[in-house]
Amino acid sequence: MTWRKSSYSGPEAECVEVALAQVVRIRDTKDRPGGTLEISTRSWDAFLKLSAGTPR
C-alpha cells in the first residue's frame, strides 16, 4: 500500500495521508499508529469534487 501526503504539507505541518486501493484509507501523518478511516472510492470521488467546487 502506498501512502500519499499533500504536496502542500511541510515537515511541521499537520496533514493527512491517503492510500488509494479498493477502499480509500486516510490517516493522520503525526499519529500513524492511531488508526485509519476507510471510505469507499465513490465517497472519495464525491469529496474531491465537493472540495474542488465541482457540482456532483
Side-chain angles (χ1 to χ4, degrees):
M1 178 176 346
T2 302
W3 290 93
R4 298 174 188 263
K5 185 165 54 167
S6 169
S7 60
Y8 292 102
S9 299
E12 299 299 320
E14 295 181 12
C15 62
V16 296
E17 296 174 315
V18 176
L20 304 174
Q22 296 293 331
V23 296
V24 177
R25 292 177 174 89
I26 305 165
R27 69 181 178 188
D28 182 347
T29 300
K30 296 205 180 227
D31 186 21
R32 290 179 177 139
T36 61
L37 171 67
E38 293 185 0
I39 62 173
S40 69
T41 54
R42 183 176 179 183
S43 293
W44 180 248
D45 289 342
F47 168 75
L48 292 179
K49 287 177 183 175
L50 182 65
S51 64
T54 306
R56 293 189 244 171

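Numbering starts at 1 and runs along the sequence shown. Only a predicted model underlies this, so the values are computations on that prediction, with no experimental measurement involved.
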Please give the remaining members of the hydrophobic cluster of W3, linking ILVMFWY side chains under 4.5 Å, ordered by chain and number. M1
Hey, are K5 and E17 close enough for a salt bridge, meaning a charged N less than 4.0 Å from a carboxylate O? no
Just to verify, what does I26 make a side-chain contact (heavy atoms from CB on, under 4.5 Å) with, not counting sequence neighbours? V16, V18, V24, L37, I39, W44
Who are the side-chain hydrogen bond (donor to acceptor under 3.5 Å, both in side chains) partners of T41, not counting sequence neighbours? none
side-chain hydrogen bond (donor to acceptor under 3.5 Å, both in side chains) against T36, all qualifying residues, sequence neighbours excluded: none
Mind jotting down which residue pairs meet the ring pair (Phe, Tyr, Trp, His ring centres under 6.0 Å) criterion with at least one end in residues 14-40? Sequence neighbours excluded, please. none
Contacts of D45 meeting side-chain contact (heavy atoms from CB on, under 4.5 Å) (sequence neighbours excluded), chain-then-number -> none
